[in-house]
S.K.: 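A single structure is presented below for examination.
Numbers here are sequence positions counted from 1.
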Amino acid sequence: THSSLHTLKVAATKLTWFRAHIVLINDPGRLIAVHLVHTGLVAGWAGSMTLYELIIFDPSDPLLHPMWRQGCYVLPFMSRIGVVESIYDWSIGLNLAQSSSWTFETVFAAHIVLSGLLILAAFWHWSYWYLDVFVSSQTGRLVLDLSKIFGIHLLLASLLCFGYGYCHVSGLFGPGIWTSDSLGTVGSVRFVKPVYSVINLNPSCYGVICAHHILAGFAGILVGLWHINSRPGAFLFKLLLMGNIESVLSSSIVAVFFAAFVNSALMWYASSSTPIELFGPSRYHWDNAFFAQDIERRVKSVDSVFINKAFEEVPDKLVLYDYIGCNPSKGGLFRSGPMLKGDGVVQNWLGHASFELGTLTLNVRRMPAFFETFPVILIDQGGTLRADIPFRRAESSYSIEQLGQQLTLYFSGGVLNGTEYSSPSLVKGYARKAQFGEIFTFTKKYSGSDGVWRTSPRGWYSFGHVTLSFLFFFGHLWHGGRALFRDIWTGVTIDAMGEVEYGRNEKLGDGETRTSSKFIQV
């Protein structure tokens, strides 16, 4: 009979090992379940990492011991969107008035509770898969209207986008976002007014962040409503494979890897959405002497005959940024641990080292980012070599001991403010440290430092998201190829599609309880 023939054909159907998610093809409830449990895992990870970082984080010295040197990863992102306070009476940034409901601990608890509820919902949908909402009233078969589902997802995402810009960023029903200057010295959470102007499309204008979320959310709401209430034509439906859930997966992955690419670039190049005070400076700040030039400008602009007084007014944050150990390119990606595992916890700034040879003012040539060792050379304002610490005594011509004049070291600012050294051994010791930028003292008692520099959360985020973007790009090609050539690559031939086609049977592999009483010859 046709029934027995159909049953035997179902039993003979063989699927390849990589067709792992075929159980979800004609099972809308369990398709929802796997999405719910994935979201629950993400929320649980965020909550757990927040708790871990709150345990290890030391907020006692936010200037010289910031969170990005302590290896915090999720706390900077929370601070970026306005969560900077703790229920234990400490905060990040300037002491501006904030709402007590937006705290690190409440965000941690909310994510843990959300994770549990999502996992419970996933269990429910996995068990109660056959819901009336998935059954078409016209055909009586299981139906996934992928076009309408896309519209619903776009509508919900756009509502969140619009609400974030209109309410959260602007301060209407939220704390605002982290804002600062280009040097990262006056950062704190502030309300941001939207700026609807093409002229202000630059990295220094925070108003466009608010405006872009409002405009993108408003446009997405309109498009989402249009997709919910309209149907594509038959030609477009078949051309874009809108009825194939794997083609929808392939198209969705495009948005994921594109966003990962863009965000990794914004993080690595230090845009206004990735503040220096939360993620640390970028390598390009060091390569271009960005902070060193601003320190020099500040010192020259102070109306004082005493240079020591001028350096005392330089912000501590700016001094810390001008240290090579804060460069994310100095630490290898395979050296695990926070930055303080390399050089230790910053105790004090010794001061700005200035070298003088007679009437000449000399500067130590700073080490480039990708060098592990670099010669210690002292150059004048014109770039001429005047002194060095030679590698070999037999070839030394500019060593400090051979100059014929005394090389003097002066400290301005810091704990050694006004101190002068002329001993060659001390001068050479500080010259070696000066090629790393500003000079600090560190304690390695509590951090277990080993002297090997680590990268910052900026480096980890950029590397991780570039890697993930390539992985998702491969996933896009993989699933796109399977959607286009499913009869070749999936192991499911045209003859066998009657058993595995979505909506043909109530459950995968069940040839007797069909969703339609009409027999379809396979």
S.K.: If every non-hydrogen atom of L154 is compared with every non-hydrogen atom of S158, which pair is closest and at what distance?
M.R.: O-OG, 2.7 Å

S.K.: Decide if the gap between the ring center of F173 and the ring center of Y166 is smaller than 6.0 angstrom.
M.R.: no

S.K.: Please test F123 against L36 for side-chain contact (heavy atoms from CB on, under 4.5 Å), starting from the C-alpha separation and ending with a verdict.
M.R.: CA-CA 9 Å; F123 290 162; L36 287 172; over 6 Å; no

S.K.: When you measure from the side chain of H168 to the backbone N and O of I81, does any donor-acceptor pair fall under 3.5 Å?
M.R.: yes

S.K.: Tell me which pairs pass salt bridge (Lys or Arg N to Asp or Glu O under 4.0 Å) where either residue lies in residues 62-78, with sequence neighbours left out.
M.R.: R69-D343

S.K.: Hey, could you give me each pair passing ring pair (Phe, Tyr, Trp, His ring centres under 6.0 Å) that has a residue in residues 32-68? Not counting sequence neighbours.
M.R.: F57-W90

S.K.: Rounded to the nearest 0.5 Å, what separation is found between the CD atom of E53 and the CZ atom of F108?
M.R.: 12.5 Å

S.K.: Atom CE in M339, atom OG in S456: separation rounded to 0.5 Å?
M.R.: 4.0 Å

S.K.: Does any part of the side chain of S329, heavy atoms only, come nearer than 4.5 Å to the side chain of F370, both counted from C-beta?
M.R.: yes

S.K.: Can you tell me how far apart CD1 (I149) and CG (L31) are? Round to the nearest 0.5 Å.
M.R.: 7.5 Å

S.K.: Just verifying a value: how many Å separate W268 CH2 and R458 CZ, rounded to the nearest 0.5 Å?
M.R.: 9.0 Å

S.K.: Once ring pair (Phe, Tyr, Trp, His ring centres under 6.0 Å) is applied, do any residues pair with W226, and if so which ones, sequence neighbours excluded?
M.R.: none

S.K.: Among W453, F371, F374, Y430, which residue satisfies the ring pair (Phe, Tyr, Trp, His ring centres under 6.0 Å) criterion with F436?
M.R.: W453

S.K.: Apply the test side-chain contact (heavy atoms from CB on, under 4.5 Å) to residues C326 and L320: give CA-CA distance (whole Å), side-chain angles for both, the deciding distance (0.1 Å), then the verdict.
M.R.: CA-CA 8 Å; C326 299; L320 180 63; 3.9 Å; yes

S.K.: Quick one, I209 with V192, criterion side-chain contact (heavy atoms from CB on, under 4.5 Å). Give me CA distance, side-chain angles, the key distance, then yes/no.
M.R.: CA-CA 9 Å; I209 297 177; V192 177; over 6 Å; no

S.K.: Quick one: CZ on F162 to CD1 on I214, what's the gap to the nearest 0.5 Å?
M.R.: 6.0 Å

S.K.: In terms of ring plane angle, is the pair W349 and F311 parallel, tilted or perpendicular, where the classes change at 30° and 60°?
M.R.: tilted

S.K.: Counting only N and O atoms by type, is there a donor-acceptor contact under 3.5 Å from the side chain of T443 to the main-chain atoms of G344?
M.R.: no

S.K.: Identify the two heavy atoms, one from V169 and one from C210, that lie closest to each other, and give their separation to 0.1 Å.
M.R.: CG1-CB, 3.7 Å

S.K.: Kindly give the heavy-atom pair with the smallest separation between S91 and E85, and that separation in Å.
M.R.: CB-CG, 4.0 Å

S.K.: Under 6.0 Å from the CZ atom of F258, do we count more than 12 heavy atoms belonging to anything else shown?
M.R.: no

S.K.: Is there a side-chain contact between E438 and Y321 in this structure, where contact means two heavy atoms from C-beta onward sitting under 4.5 Å apart?
M.R.: no

S.K.: Does any part of the side chain of F150, heavy atoms only, come nearer than 4.5 Å to the side chain of L146, both counted from C-beta?
M.R.: no

S.K.: If we only count heavy atoms from C-beta on, is the P328 to F279 side-chain gap below 4.5 Å?
M.R.: no

S.K.: Any side-chain to backbone donor/acceptor pair from S115 onto I112? Under 3.5 Å, distance only.
M.R.: no

S.K.: Would you find a donor on one side and an acceptor on the other, under 3.5 Å apart, between the side chain of Y269 and the backbone of S282?
M.R.: no

S.K.: Are K193 and S170 packed together at the side-chain level, in the sense that at least one heavy-atom pair is separated by less than 4.5 angstrom?
M.R.: no

S.K.: Under the rule for side chain to side chain donor-acceptor pair (under 3.5 Å), what residues qualify as partners of E105, not counting sequence neighbours?
M.R.: S86

S.K.: Apply ring pair (Phe, Tyr, Trp, His ring centres under 6.0 Å) to Y461 and list each qualifying residue two or more places apart in sequence or on a separate chain.
M.R.: F77, H465

S.K.: Do H111 side-chain atoms and V107 backbone N/O form a donor-acceptor pair below 3.5 Å?
M.R.: yes

S.K.: Taking R283 for its side chain and N327 for its backbone only, find out whether a donor-acceptor pair lies under 3.5 Å.
M.R.: no

S.K.: Are the side chains of I177 and V189 in touch, meaning some heavy atoms are under 4.5 Å apart?
M.R.: no

S.K.: List the steps and the verdict of ring-ring contact (aromatic ring centres under 6.0 Å, His included) for F261 and F470.
M.R.: CA-CA 9 Å; F261 266 125; F470 278 111; 5.3 Å; yes

S.K.: Could you tell me whether the side chain of W286 reaches within less than 4.5 Å of the side chain of D322, counting heavy atoms only?
M.R.: yes

S.K.: Could you report the tightest heavy-atom contact between S79 and F104, atom names first, then the distance?
M.R.: OG-CZ, 3.8 Å

S.K.: Can you check whether L215 reaches Y196 side chain to side chain, under 4.5 Å on heavy atoms?
M.R.: yes

S.K.: Kindly confirm or rule out a cation-pi arrangement of R80 over W178, judged by NZ or CZ under 6.0 Å from the six-membered ring centre and within 45° of its axis?
M.R.: no

S.K.: Ring centres of Y323 and F442 under 6.0 Å apart?
M.R.: yes

S.K.: Kindly write out the residues that satisfy side chain to side chain donor-acceptor pair (under 3.5 Å) with D450, not counting sequence neighbours, or none if the list is empty.
M.R.: R454

S.K.: Here's a test for you: under side chain to side chain contact (heavy atoms under 4.5 Å, CB included), which of V74, L54, L75 qualifies with M49?
M.R.: V74

S.K.: Above 12 or not: heavy atoms from other molecules or residues under 6.0 Å from NZ of K148?
M.R.: no

S.K.: So E277 and K317, salt bridge (Lys or Arg N to Asp or Glu O under 4.0 Å) or not? Walk me through it.
M.R.: CA-CA 8 Å; E277 290 147 309; K317 288 183 180 180; 3.0 Å; yes

S.K.: Can you tell me how far the CG atom of N363 sits from the OG atom of S354, to the nearest 0.5 Å?
M.R.: 7.5 Å

S.K.: A quick test of your reading: do over 12 heavy atoms of other residues, nucleotides or ligands sit less than 6.0 Å from CZ of F257?
M.R.: yes

S.K.: Between T106 (side chain) and W102 (backbone), is there a donor-acceptor pair under 3.5 Å?
M.R.: no

S.K.: State, to 0.1 Å, how close P66 and L64 come at their nearest heavy-atom pair, and which atoms those are.
M.R.: CD-C, 3.3 Å

S.K.: Short question: side chain of T441, backbone of N348 - any donor-acceptor pair under 3.5 Å?
M.R.: yes

S.K.: Do any N or O atoms from the side chain of Y73 and from the backbone of W460 form a donor-acceptor pair under 3.5 angstrom?
M.R.: no

S.K.: Given side-chain contact (heavy atoms from CB on, under 4.5 Å), test K330 with M367 step by step and report yes or no.
M.R.: CA-CA 10 Å; K330 279 309 292 181; M367 176 184 287; 3.7 Å; yes

S.K.: What pair of heavy atoms forms the shortest contact from A434 to V364, and how long is it?
M.R.: CB-CG2, 3.9 Å

S.K.: Does H476 reach the main-chain N or O of F472 with its side chain, forming a donor-acceptor pair under 3.5 Å?
M.R.: no

